[in-house]
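Here's the structure we're looking at; comments come further down.
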Number of protein chains: 2
Amino acid sequence: MEEKAFKKYLKEKGLKSTKERELIFKEVFSRHGHFDPEELHMGMRKKGLKVSKASIYRTLPLLLESGLIKQVEMTEKHAHYEHTLGRNHHDHMLCISCGGVIEFYSEALERLQNRICKKEGFESVTHTLEIKGYCGKCRKRRK
Amino acid sequence: MEEKAFKKYLKEKGLKSTKERELIFKEVFSRHGHFDPEELHMGMRKKGLKVSKASIYRTLPLLLESGLIKQVEMTEKHAHYEHTLGRNHHDHMLCISCGGVIEFYSEALERLQNRICKKEGFESVTHTLEIKGYCGKCRKRRK
DNA sequence: ATCCTTGCAAAGTGTTTGCATCGAG
DNA sequence: CTCGATGCAAACACTTTGCAAGGAT
């Protein structure tokens, strides 16, 4: 199991391997799809494992940092809106190295996405695409 | 101005056109990028317009439903995670209505993205695509 | 006159934190 | 023995709601 990876990460960070962290780790990896902290807590509770929500909330960022889980639905914690008149859509490329942002728009990409949505019976309202990598300048610099 | 569209929407719904709703409408459309309820409230306050936060929170869903604004970067109000082991890359469709998540993968989409990156001189490392909209079930329910 | 809307403050959610205690190293 | 970790409950930040008073139709 990749539990070792987690323990290794904890050790490197000078953090401790505790029973609770182990239990949380197992619960996370027993799941197949997405989960939120609450679901995780309930899942453990049903199995008779008693770990506080606080520990779950404190452990998830560790799993995140260690790369063992990832966050989906980059939820800002509050609602954001924009009005729909006169703004056109674009996507982003984010340079990991210099932090630069390239905005781009591709008609072909939009069309392809729509086709994929149709296949799933999904009605697209909006989307966010972020490609992370290295921009032209930084790529040259790295060589 | 599209203020008429809003008034029309209110009328159809049997709701009233009030001074507060008008002010909120104007503030929303005076903005160019994204905003959150708090920013909106502060913006109005600075102009000496006094409308309660509650009214803002009650008016935004109306603007949303009327299609005059859209919601960005927010589907649910809590964190979601998934673990990264043994799972291959996939993207997500998020249902705005029921919170459901559809995972999908498209080879064609990946290829197209790579092509776009190449054109920009960008070296892609990873990406996240989230399409927000209405899933099949919710689409039917809305009709 | 009716019934929707407002502002306020209280109640809800989801998440974070202070503190006393516990336990891994 | 030493610090980090835990559980609990209080604190937080954002959003929703109950209620009495006000206002649009």
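Just so you know, these numbers come straight off a predicted model, no measurement behind them. Residue numbers begin at 1 in each chain, while the letters A, B, ... track the order of the sequences.
Rounded to the nearest 0.5 Å, atoms NE2 (A/His41) and CD1 (A/Ile24) are 9.0 Å apart. Rounding to the nearest 0.5 Å places CE of A/Met42 at 6.5 Å from CZ of A/Arg45. Atom OG of residue A/Ser17 and atom NZ of residue A/Lys4 lie 13.0 Å apart, to the nearest 0.5 angstrom.
Taking only side-chain atoms of A/Ala54, from C-beta outward, the nucleotide of D/dA9, C/dT6, D/dT16 with the closest atom is D/dA9. Each of D/dG7, C/dG25, C/dT15 was ranked by its minimum atom distance to the side chain of A/Ser52; first place goes to D/dG7.
Judged by distance alone, with hydrogens and angles left aside, A/Arg58 brings a side-chain donor or acceptor within reach of the base of D/dG7, the pair sitting under 3.5 Å.
If you measure from atom CZ of A/Arg21 to atom C1' of D/dT6, you get 9 Å, rounded to the nearest angstrom. Atom CG in B/Leu10 sits about 13 Å away from atom C1' in D/dT25, given to the nearest Å. For the pair A/Glu20 CD and D/dG4 P, the computed distance is 17 Å after rounding to whole Å. Rounded to whole Å, the distance from NE2 on A/His41 to P on C/dG14 is 14 Å. If you take CZ of B/Phe6 and C1' of C/dT5, they are 12 Å apart, rounded to a whole angstrom. With rounding to whole Å, A/Ile56 atom CD1 is found 14 Å from C/dT16 atom C1'. Atom NZ of B/Lys50 and atom P of D/dG22 are 16 Å apart (whole Å). We find that CE of A/Met42 is positioned 13 Å from P of C/dT13, with the value rounded to whole Å.
The residue A/Lys19 sits apart from the nucleic acid: no heavy atom pair falls under 4.0 Å.
Residue-to-nucleotide proximity on DNA chain C shows that, of A/Lys16 and B/Lys53, the 5′-proximal contact is made by B/Lys53. Between B/Glu38 and B/Thr18, the residue anchored nearer the 5' end of DNA chain D, judged by the nucleotide with its closest heavy atom, is B/Glu38.
The number of heavy atoms from other shown groups lying within 6.0 Å of NZ (A/Lys47) is above 12. Enclosure of atom NZ in B/Lys8 is not indicated, since only 12 or fewer non-hydrogen atoms of other residues, nucleotides or ligands lie within 6.0 angstrom.
The phosphate of C/dT5 has neither OP1 nor OP2 within less than 4.0 Å of any side-chain N or O from B/Ser55. For the pair A/Tyr57 and C/dT15, the criterion of a side-chain N or O lying under 4.0 Å from OP1 or OP2 is met.
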